[in-house]
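One structure is given below, encoded as structure tokens.
Chain A is the first sequence line, chain B the second, and so forth, proteins listed ahead of strands; every chain is numbered from 1. Bear in mind the structure is a predicted one, so any value in this text is a computation, not a measurement.
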Amino acid sequence: MFKKILVANRGEIAVRILRACREFGIPTVAIFSEADRNALHVRYADEAYLLGPAPSRESYLRADKIIDIARKCGADAIHPGYGFLAEREAFAAACMDAGITFIGPKPSAIAAMGDKMTARNTVMAASVPVVPGTEGKGGMTDDDLLAFAPKIGFPLLIKASAGGGGKGMREVASLEEMPALLASARREAESAFGDGNVYLEKLVEGARHIEIQILADQYGNAIYLGERDCSIQRRHQKLIEEAPSPFMDEELRQKMGTVAVKAAQSVEYVNAGTIEFLVDKDKNFYFLEMNTRLQVEHPVTELVTGVDIVAEQIRIARGRQLSYKQEDVHLRGHAIECRVNAEDPYNGFLPSTGLVTLSIVPTGPGVRVDTSVYSGIEISPFYDPMIAKLIVWGETRGQAILRMRRALEEYRIVGVRTNIPFHQTMMDSPRFMGGQYDTRFVEERFSMPELDEERVMHHPEIAAAFATLVAHHEAQRSSEFVMRNERDTSNWKWVGRWERLHR
Amino acid sequence: MFKKILVANRGEIAVRILRACREFGIPTVAIFSEADRNALHVRYADEAYLLGPAPSRESYLRADKIIDIARKCGADAIHPGYGFLAEREAFAAACMDAGITFIGPKPSAIAAMGDKMTARNTVMAASVPVVPGTEGKGGMTDDDLLAFAPKIGFPLLIKASAGGGGKGMREVASLEEMPALLASARREAESAFGDGNVYLEKLVEGARHIEIQILADQYGNAIYLGERDCSIQRRHQKLIEEAPSPFMDEELRQKMGTVAVKAAQSVEYVNAGTIEFLVDKDKNFYFLEMNTRLQVEHPVTELVTGVDIVAEQIRIARGRQLSYKQEDVHLRGHAIECRVNAEDPYNGFLPSTGLVTLSIVPTGPGVRVDTSVYSGIEISPFYDPMIAKLIVWGETRGQAILRMRRALEEYRIVGVRTNIPFHQTMMDSPRFMGGQYDTRFVEERFSMPELDEERVMHHPEIAAAFATLVAHHEAQRSSEFVMRNERDTSNWKWVGRWERLHR
Amino acid sequence: MKYVTTIDDKEFTVEIIDERHISINDKMMEVDFQSISGQPVYSMVIDGKSYEAYVYEGEDDWQVLLLGRQYPVKVEDEREKRLKSAAGGKAQAGGEFQLKSPMPGLVVAVPVEEGQPVEKGQVLVILESMKMQNELKSPRAGKVERIKVKAGESVEQKQTLLSVV
Amino acid sequence: MKYVTTIDDKEFTVEIIDERHISINDKMMEVDFQSISGQPVYSMVIDGKSYEAYVYEGEDDWQVLLLGRQYPVKVEDEREKRLKSAAGGKAQAGGEFQLKSPMPGLVVAVPVEEGQPVEKGQVLVILESMKMQNELKSPRAGKVERIKVKAGESVEQKQTLLSVV
């Protein structure tokens with residue numbers, strides 16, 4: 001096995017990978033920015049090296065420094081996680097040049113799939129259906145794009161060539177609004193990926209976002225691990241994923257799985273990867289892009305297949321054959337993932353930062369939490385707002401939804417606002433329960449019930465009691481501040497103990 | 001389904017049962033003692049009622065009050081968990097009289113199996129092999145027992161007739177020491193179960209403790225869910241359980257499973273139950289006792305079979321047929337449970353109590369934590385020292401051990417000492433790794449390496465650095481206390497923030 | 001101690017009787033109220049029902065997050081409220097709105113100018129934080145004044161960015 | 001600041017040079033030392049290696065729980081230690097041992113009497129806590145004195161139960 005693995009990432013995914021390494025008994029190296037000294041990935045690794053200041057460009061995107069650290073500490077492999085350097089051809093190539101195994105595909109496959117336009121041309125050549133769009137070579141100017149747009153037709157999407165996760169993506173309804181949207185998309189793409197190139201794509205209406213997880217080894221073996229339905233998105237950011245898709249049948253699964261394997265093989269793909277498709281209501285499917293890396297939502301596939309995808313990535317990179325054949329892969333039960341973001345659903349989903357003073361994660365049967373948050377950690381404004389993934393497994397989709405409800409209700413995070421109430425509302429929504437949703441569902445048919453004009457309150461008198469008791473207590477405390485001596489005789493025994501403890 | 005379920009227990013098992021109810025959508029009722037107002041089971045239930053003062057006799061053992069609460073709040077079923085009232089025939093009967101479903105076996109089965117001596121006679125009649133011992137009717141006096149002991153031969157065990165979990169159990173090497181041990185066993189049995197009756201049993205040497213999980217419905221269907229190996233014990237308290245047993249083969253599993261089902265059927269058993277066996281090195285097995293309730297270690301069986309045992313208990317009590325036939329039960333992978341006790345392994349495993357100021361549970365793939373502990377809860381001296389169960393699943397036993405190691409290392413509990421270092425040492429022990437252990441292993445062949453005369457230190461200089469830095473910091477703080485003004489200019493930035501927060 | 005507690009247009013009279021009892025609209029209830037871990041998460045057992053909620057202090061109200069729903073709650077001392085309404089009711093309706101930064105971040109653009117009239121919902125500032133561009137919008141129609149930041153500047157949480165009058 | 005730090009019979013000279021550097025036996029190391037959540041759990045990155053430990057204060061030493069192993073560590077100011085050893089070394093060897101209750105509980109029995117000689121390992125008090133009976137034993141041979149509790153009494157944590165001299 002590898003002598004030592006450097007994890008070139010932060011947050012929950014760095015922790016996920018460190019755990020897989022530890023479960024192999026492989027020593028690990030973490031890297032961190034100045035904002036992340038107390039992060040879980042630094043605490044869990046065997047070694048940890050400071051990269052630089054908080055901004056990504058000065059830390060987690062510093063490929064040169066990272067390779068230098070790997071060399072100096074004797075790491076013979078690097079796992080890039082997702083985001084940051086995971087889909088940079090140059091980084092994979094630089095690892096190779098330094099004699100370090102990049103745990104992922106070959107640079108050529110990253111290059112082919114990483115530039116969305118090349119990707120489309122490549123898979124089209126392997127007769128995989130694609131969404132109509134600007135299929136030319138990269139780097140089109142605004143003028144070119146504005147000229148081409150009417151040929152695709154509106155509505156259409158601007159997408160970042162280097163992108164993913166909805167960053168640098170804009171929806172365009174008409175030619176008039178396109179210049180401003182191009183500018184902001186390029187700005188966001190530049191900031192997120194260091195690359196402002198964008199391309200255009202037809203917007204498939206009523207579509208579901210369904211993706212196929214692929215594993216491929218160095219000996220030409222490739223399998224698919226079923227699909228994930230990621231249609232619950234907001235501003236093109238995935239929020240909830242499930243496996244299997246409630247929309248899917250076995251016939252379509254096999255058809256899309258076979259096409260996905262073909263797409264991967266068209267670039268001689270090795271390691272774990274994901275082929276994203278749009279599927280319209282008539283079950284026509286179109287290749288969207290390939291993510292040449294581990295996916296945020298990989299756990300739902302792990303829970304229904306029993307395959308440890310990160311462990312398999314490491315084995316493949318080490319030159320092992322796949323541990324599974326296609327016929328070994330069986331889907332069992334149902335899994336759902338909710339991405340817990342530090343965002344306030346009652347305030348336009350604005351990011352929320354601060355010191356987490358309490359974190360109580362849900363536990364018990366069928367519940368998995370992948371997170372880097374604990375009581376006492378600071379959520380900084382520098383990185384992605386996703387702070388945890390709550391994943392549940394159930395024998396059926398119904399059981400999984402009920403289990404997710406109880407897990408969401410148990411979850412306590414104090415110090416930042418989270419989108420947990422959004423997920424709770426979604427789990428109660430009849431359309432979600434019925435599996436009746438598409439990629440526009442959140443934006444077009446869903447809102448937080450509290451923000452509705454005609455809101456229905458379930459427990460107003462209980463809410464009133466909570467607020468009044470807290471307000472009363474605060475008022476008492478203020479007056480006690482004046483009458484200091486009486487403080488210790490306060491009726492409110494719940495004030496005292498914790499404060500004494502931390503005095 | 002039931003309209004409302006009252007959970008007549010506390011701690012992690014109350015939480016476990018509440019979760020199962022919530023996942024069925026059934027409203028729940030918690031009961032609590034004065035020491036448990038802030039316990040998780042009170043927080044997670046829909047309703048919660050105070051029973052009385054902290055001691056069990058005045059709270060969790062008050063069957064009359066509990067049934068009264070159930071009646072008043074309209075609960076139509078009671079789940080007793082384990083311990084407390086779970087194996088009291090009178091309680092099950094009282095529930096029945098009050099028209100409330102007792103989620104467990106009929107009173108007659110509890111009576112038959114609950115008194116260990118009757119149990120032995122009953123299963124012997126069904127030709128299940130038993131360990132030689134005092135098979136007479138209950139309530140033997142000390143004189144009777146002392147007279148009978150030489151017929152069994154030494155070493156032998158004194159066991160509580162009403163007991164379980166090693167409470168009121170004493171090992172006797174000779175007739176001389178027997179009177180004192182009888183007295184202390186009766187005292188402990190009286191305190192734990194309210195019943196000081198004891199009996200004697202031959203001590204099978206070199207034995208493994210292997211138990212079979214049973215499920216039986218009201219229609220005569222009964223299945224076994226494989227075995228659990230619970231041989232890692234200390235003072236007859238189980239500490240680590242695994243499924244399947246590394247000692248077992250499929251033939252023995254089927255044989256013991258069939259015998260276990262027969263034993264259950266001999267008392268017309270309904271609901272979940274466990275038949276405990278001692279298995280000697282030649283794979284002879286002896287019936288030990290039947291636990292007519294949910295077992296602490298049920299999660300390892302859940303993880304390898306995929307069966308939710310608590311959910312199944314509720315379905316059975318509701319009058320449903322078993323969801324599984326024997327041929328549906330397949331063991332997949334391997335599961336291990338470590339019982340995390342508030343006990344100091346470096347100080348004779350003495351219980352440790354106090355306010356938990358930090359709890360960071362391990363999470364991620366294959367890890368389940370069943371606990372009632374969170375940052376801010378008080379561990380009181382009134383109840384069992386088990387504060388969490390850490391359970392892992394792996395594709396193989398080896399992977400499960402490695403995963404348990406990483407999970408134990410991640411676990412952080414501050415405020416009470418725990419036996420986590422014991423478990424860490426065990427997971428590193430070659431004999432445990434090799435599956436080479438019996439019920440005497442912990443006491444006879446195992447010790448905390450730090451307590452050895454010839455201890456080997458792995459990282460003495462690192463430990464020295466930790467202690468010196470903390471001591472230095474404490475000294476600085478004391479001197480700062482004198483030179484107050486300089487406090488805020490302390491170099492030690494880690495002091496400041498948390499304190500400011502809680503000021 | 002008596003309070004008038006309002007959610008939307010529903011008014012509750014809540015009286016704190018003693019440590020164990022409150023009344024809501026004159027209905028007496030037994031209550032056991034505890035803070036969880038000294039944090040703004042509270043457990044309340046009220047007439048046998050067990051509830052848990054986050055209670056956050058807002059500008060002039062409380063936000064109660066209870067069973068996945070958020071309630072904006074106004075709590076007023078009954079005596080004060082009586083005095084205030086005697087004095088002529090709402091004083092500050094239609095006052096100045098100060099746009100404060102909801103989080104630390106980088107100002108990407110300020111697409112309005114001082115003196116410019118704006119609609120409700122119009123974008124006032126674009127702020128980048130957590131790699132996302134966030135549009136801060138006007139909660140009502142009005143006129144922009146006192147712009148205190150410009151593109152490229154870093155801002156702290158709660159820093160005032162501009163006003164709408 | 002220089003310390004002499006001892007684990008068993010191994011002695012280390014540890015010097016705190018500045019916030020970022022210490023030396024152990026004159027070997028200079030870069031160190032980044034942090035408390036986790038303000039608790040006695042510490043994260044230390046020392047020359048690139050990341051460690052985490054609980055550090056508990058004992059009667060006259062520190063207990064460091066590191067990677068599943070516990071180390072009893074004695075830390076002494078070098079100057080003080082020099083003075084002390086010049087003054088004649090260990091002063092309190094063989095003094096009085098006070099048996100303190102390690103937890104709150106109920107005294108079940110005190111199977112010794114005042115003036116009675118006891119062996120190392122002999123049971124002094126039986127204490128019930130968490131439904132278990134716990135035997136508190138003598139750490140060394142000696143004579144029992146000043147028994148302050150009797151069977152049936154409740155005791156607090158750290159309450160002195162008796163002495164062995």
Problem - Region of C:L106 in contact with chain A, defined by heavy-atom distances below 4.5 Å - result: neither
Practice task
Report the distance from atom NE2 of A:H473 to atom OH of C:Y42, rounding to the nearest 0.5 Å.
Solution key: 6.0 Å
Exercise for the section: Examine the side chains of A:R235 and C:Q133 and answer whether a donor and an acceptor come within less than 3.5 Å of each other. Expected result: no
Exercise for the section: For A:E461 and C:N25, run side chain to side chain contact (heavy atoms under 4.5 Å, CB included): C-alpha distance rounded to whole Å, both residues' side-chain angles, the deciding distance at 0.1 Å, then the answer. Expected result: CA-CA 9 Å; A:E461 71 293 343; C:N25 292 346; over 6 Å; no
Handout entry: Toward chain A, the part of C:Q63 with a non-hydrogen atom under 4.5 Å
Key = side chain
Exercise for the section: Please tell me if the side chains of C:Y71 and A:M457 come closer than 4.5 Å, counting only heavy atoms from C-beta onward. Expected result: yes
Exercise for the section: Kindly state whether the ring of A:H459 and the ring of C:Y51 have centres lying under 6.0 angstrom apart. Expected result: yes
Handout entry: Heavy-atom contact with chain C under 4.5 Å, split by part of A:T353
Key = both
Handout entry: Nearest heavy-atom neighbours spanning C:M130 and A:S380
Key = CE-O, 3.6 Å
Handout entry: Considering all heavy atoms, the nearest C:V64-A:F466 contact
Key = CG1-CB, 4.1 Å
Completion exercise
When the 4.5 angstrom heavy-atom criterion is applied to C:L65 and chain A, the contacting part is side chain
Problem - Side-chain touch A:Q424/C:L67, heavy atoms, less than 4.5 angstrom - result: no
Practice task
Check each atom of A:H458 against the heavy atoms of chain C and say whether the ones under 4.5 Å are side chain, backbone, both or neither.
Solution key: both
Handout entry: Top of C:E52, C:Q157, C:K74, C:E128 for chain A proximity - count of heavy-atom pairs under 4.5 angstrom
Key = C:E52
Fill in the blank from the handout: Smallest heavy-atom separation, C:P104 atom then A:P381 atom, equals O-CB, 3.8 Å
Practice task
Could you check A:L350 against C:L136 for side chain to side chain contact (heavy atoms under 4.5 Å, CB included), going step by step and ending with a plain yes or no?
Solution key: CA-CA 9 Å; A:L350 283 178; C:L136 307 182; 3.9 Å; yes
Practice task
Tell me, for A:L408 versus chain C, whether the close heavy atoms (under 4.5 Å) come from the side chain, the backbone, both or neither.
Solution key: neither
Fill in the blank from the handout: Counting heavy-atom pairs under 4.5 Å with chain C, the top scorer among A:A465, A:G348, A:S184, A:A467 is A:A467
Practice task
Could you tell me which portion of A:I420 (side chain, backbone, both or neither) has an atom closer than 4.5 angstrom to a non-hydrogen atom of chain C?
Solution key: neither
Problem - Side chain, backbone, both or neither of A:E409 within contact of chain C (heavy atoms, under 4.5 Å) - result: side chain
Exercise for the section: Taking A:E450 for its side chain and C:Q70 for its backbone only, find out whether a donor-acceptor pair lies under 3.5 Å. Expected result: yes
Practice task
Give a yes or no on this: more than 12 heavy atoms of other residues, nucleotides or ligands lie within 6.0 Å of atom CD of A:E177.
Solution key: yes
Fill in the blank from the handout: Under 4.5 Å to a heavy atom of chain A? For C:I7 that would be both
Problem - Any side-chain heavy-atom pair of C:R69 and A:P449 under 4.5 Å - result: yes
Practice task
Taking the six-membered ring of C:Y54 (Phe, Tyr or Trp), confirm whether the NZ or CZ of A:R417 is under 6.0 Å from its centre and within 45° of its axis.
Solution key: no
Problem - Region of C:M1 that comes under 4.5 Å of a non-hydrogen atom in chain A - result: side chain
Practice task
Kindly indicate whether the side chain of C:P72, heavy atoms from C-beta on, has any atom under 4.5 Å from the side chain of A:Y346.
Solution key: no
Handout entry: Heavy-atom side-chain contact between C:M44 and A:L469 under 4.5 Å
Key = yes
Exercise for the section: Any chance you could lay out the side chain to side chain contact (heavy atoms under 4.5 Å, CB included) test for C:W62 and A:T468, step after step, and finish with the verdict? Expected result: CA-CA 9 Å; C:W62 300 86; A:T468 311; over 6 Å; no
Problem - Contact check, side chains of C:M103 and A:S352, non-hydrogen atoms, under 4.5 Å - result: no
Fill in the blank from the handout: From the list A:S56, A:P351, A:A464, the residue making the most non-hydrogen contacts under 4.5 Å with chain C is A:P351
